[in-house]
Q: 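Here's a structure for you.
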Amino acid sequence: MELEKILYEKFSYTQFRKGQKEIIQSILNEKDTLALLPTGTGKSLCYQLPGYLMKGMVLIISPLLSLMQDQVEQMKIRGEKRVVAINSFLTREERRSVLQNVHKYKFIYISPELIQNDFIFKKIKSVPVSLLVIDEAHCISQWGYDFRPDYLELGRIRRELGNPVTLALTATAREDVQNDIKKFLHMENAEEYINSVDRPNIALQVIKVRDYQTKKQHLFELVKQLTGPGILYFSSKKLANEVAKELNERSLGPAAAYHSGIDQEMRILLQQQFLYDELKIMCATSAFGMGVNKENVRYIIHFHPPINLESYLQEIGRAGRDGEKSIAVMLYADDDIFLQQQLLESEYPSDIQIDHFSRIQRLKNFLNNIDGNVPEKTAVPEGYTEVQWRLLWKFYINSKDENDFKRKLRSFIDERLAIKKVKLQEITDWIEYEGCRRERLLMSFQETKRERHDNCCDNCGLDLSCYQQANALKKQVLPINWRHRLAELFSIEMEI
Amino acid sequence: MNYFYALILYCIYQFKGERSIKAVQYLLTGKKSTQTLQDAVWYSLQHLYSVYPEMDADAFIDTVKKLEKTGSIVISDKTVTLTDSGKKVLSELMSGYPIPDHLNGWQFHKIEQLFWQRLTLLIQILTNWAYSETKFIPVVRDYPIQNWVKRWLGEKRQIYNKKQLSLRLYHELFTIFEICEQNRENPDYIVARFTGYQKPGYTSTQIAKQAAVDETYYLLAFRSCLHFMIKTIWHERGEFPILSSLLADRKSPWTLTSSSWETYKFLKYGKNVEEIAKFRKLKKSTIEDHIVEIALLDPAFSIKTYVKPETQKRITEAVNLLHTRKLKTIKDYLTDIDYFSIRLVLSKMNDKKDV
Ligand SMILES: [Zn+2]
């Protein structure tokens, strides 16, 4: 068939990666499809390519704002103009203009929250949707590590769109989660393409250390030895900043911190520097999209373990996209687990926040009753995270009264925390495991390890020499001189 | 050097112990409230209005706590005061690094971002074109800016070819940066952030480190140089046709909140405060806030209609006599004059920093 031709014309690739073609064919045969591709193996291509062979629009529902932005940006660079993301980055004006011209777009990305907005949904419904894509579909399952109540509405959305061909993408192959996806999206007869989450070219290593100080020493030692470029993951922005600074001071860089606290323009500059190998090390926080598809990341170091194995897989998946040998090292101290527990809890609104929120709403209602306004969600105020604020509102709007609101929200939080603690235990068990780490990792995704290969994990035995750098050349950073740099940027020959 | 300390201490010093610590934060991050605008004008802090929008709220609180602990400031219920030792710290921190000369947040905070984003994106596009590269990740993600630059390029391409356009921009930049240098501004701070063909710009953290200055100081110096550029370009459009056309769609640098605009329109139709309040279903005091905001921001707005000249004179005298901008103190002295009149007069009483 001519799939390869389109692949080359639109994406400049000469061949498909493992697993992609089957999924694309299933979609083109108008089959609902449930697919799992490991992180870093090109899942967006699985819906973008069929989009070019289908008449109507491709509607992609994705919960990750920064990832959505990156996708749109990359499609635009490829020359696709008919793509847009409807999210909070758009101004009111832009959103209106996009919705008025909705028929002009081929690919629309939207968050699960916004698709439920009646006005927006009506506009989108006015255009035939050929393919509905549910990204991160595991968010629909209460058993998943990342349950989002908004996802439960997607079954209805799908029905109201006239049940278009649907592709559900998931990061986990666990059966309970898969069953939930099929059930709630009403796609019981979906074709399933579950690829192994294993990335055999990434070696796995856990280094147990006594305390924070020793951990830092290990980190610097590793960075000194390993061949870059690399990504370091931290659980706090502050630490990411500190370590980046210290790496530079020790001339182990160039390194930079990269997280949501860095403003957008600087983030783009850092992405580019990393892409062009001007930056050797990124000090990142978890769950924050890196923006660029960098193929040659050689190592990932976790300074703190992530809160579940799914996130771990996602994060190490940034290494070795070119298929070359790479390594993922996790540094672990015993008390890390308490830190992670705290992190889990802080994700949700605390009792104090719930009370505070209720108090404010009570006051507002009192004022509003005078002119009969309906409560309206306001911007995230100081002291709340985006997630906390969204949850508070979601439950507030769907509750009868204040007591109902508090009860429902608290029981929801308790339930979620219970599941997350199980997940945390799972990763702790994995860290403590003394057998093959890959086998154990795959087992928890209900897979069995297929083949044996060298440099599998520290418990199977690792030959670290292939990840170590021969005296790498240090990039010399020259002082800035505006006359030189300006001439250089504009390709002007300077007289010396 | 910790210039963040200096910046906070300086604001507290200017506030003369009459304002709260929150007021410092709001001023530096450019909160759009009548209160903050008032603070900026009444305490001669316009140049620092909105000069640090990227300030991290937690870092601010940490720093304030440190300053309190070391006895540089005293925080009471509603106000913050600089102590004698605080004054010493301030003058030490600022020696050698005074607040950059051309910083003028009041005037330029609204357009500096726009100007910067258009300029840096334009340079990226032109320098990529020079290598026939059309596929690259734009440094500015904001779609209105991207569209604007595309349109702008479309218009200019009818007059110049790519090479001419690029060369002209280069010469204008070279000229303006030389002028910047002659005026004690450092163009390195700006040029290092430009992105070109396969040459990503440097971040503020990286530039500050290389220049061996504190990052807060770098950000202020960057803005100061940018403000100076905008001011110069604005005045000498003939000299800088390319650069000035980046701001051609901007008539006036001052902007009101949309609600105040609404009030302003009613005022221009000759409606009075009561009528506007009734029509817009707002409180009278809200409309008065709007009028104070208009008086603060529009230099052409006259307060004659609201405050009689002899009342204006009495208020001015009281302020000078009492050496304060504290409303309550002034009001206690002038018992027969209302708060609204005092606020209006204060809004016009300042050493204005106009272009
Ligand atoms: Zn193994």
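So that the names make sense, note that chain A is the first sequence line, chain B the second, and so on, each numbered from 1. Given the structure is predicted, the values throughout are model-derived calculations rather than measurements.
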Q: Does any backbone or side-chain atom of A/Gln273 lie under 4.5 Å from a heavy atom of chain B? Answer side chain, backbone, both or neither.
A: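 Both the backbone and the side chain of A/Gln273 come within 4.5 Å of chain B.
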Q: If the threshold is 4.0 Å, N to carboxylate O, is there a salt bridge linking A/Arg483 and B/Glu178?
A: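 Salt bridge present between A/Arg483 and B/Glu178.
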Q: Does the B/Gln124 side chain pair with the main chain of B/Ile137, one donor and one acceptor, at a distance under 3.5 Å?
A: yes
Q: Answer with side chain, backbone, both or neither: which region of A/Val84 has an atom nearer than 4.5 Å to a non-hydrogen atom of chain B?
A: neither
Q: Sort B/Lys281 into side chain, backbone, both or neither according to what part of it lies under 4.5 angstrom from a heavy atom of chain A.
A: neither
Q: Taking 4.0 angstrom as the limit, do A/Glu93 and A/Arg96 come out as a salt bridge?
A: yes
Q: Which answer fits B/Tyr189, side chain, backbone, both or neither, if we ask what part of it has an atom under 4.5 Å from a heavy atom of chain A?
A: neither
Q: Please verify the inter-ring angle class for B/Trp116 with B/Phe194; under 30° counts as parallel, over 60° as perpendicular, anything in between as tilted.
A: parallel
Q: Report which part of B/Gln113 has an atom under 4.5 Å of a heavy atom belonging to chain A: side chain, backbone, both, or neither.
A: neither
Q: Identify which of A/Lys76, A/Arg485, A/Met266, A/Glu265 forms the greatest number of heavy-atom pairs closer than 4.5 Å to chain B.
A: A/Arg485
Q: Compute whether any side-chain donor of one residue and acceptor of the other, for A/Tyr258 and A/Gln271, lie under 3.5 angstrom apart.
A: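 A/Tyr258 vs A/Gln271: donor-acceptor pair found between side chains.
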Q: Donor-acceptor check, side chain of A/Lys294 to backbone of A/Phe274, threshold 3.5 angstrom: yes or no?
A: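 Flag set: sc A/Lys294 to bb A/Phe274 pair under 3.5 Å.
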Q: Looking at B/Lys209, B/Glu181, B/Lys199, which one has more heavy-atom pairs under 4.5 Å with chain A than the rest?
A: B/Glu181
Q: Examine distances only and state if a side-chain atom of B/Ser224 and a backbone atom of B/Leu220 form a donor-acceptor pair shorter than 3.5 Å.
A: no
Q: Which atoms of B/Tyr197 come close to chain A, meaning under 4.5 Å heavy atom to heavy atom: side chain ones, backbone ones, both, or neither?
A: neither
Q: Nearest 0.5 Å, please: how far is CG in B/Leu169 from CG in B/Leu119?
A: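 The CG atom of B/Leu119 sits 6.5 Å away from the CG atom of B/Leu169.
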Q: Between B/Ser204 and chain A, which part of the residue has a heavy atom less than 4.5 Å away: side chain, backbone, both or neither?
A: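 Both parts, heavy atoms under 4.5 Å.
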Q: Heavy-atom distances under 4.5 Å only: say whether A/Ile262 touches chain B with side chain, backbone, both or neither.
A: neither
Q: For B/Leu167, is it the side chain, the backbone, both or neither that has a heavy atom under 4.5 Å from a heavy atom of chain A?
A: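 For B/Leu167, the side chain is the part near chain A, not the backbone.
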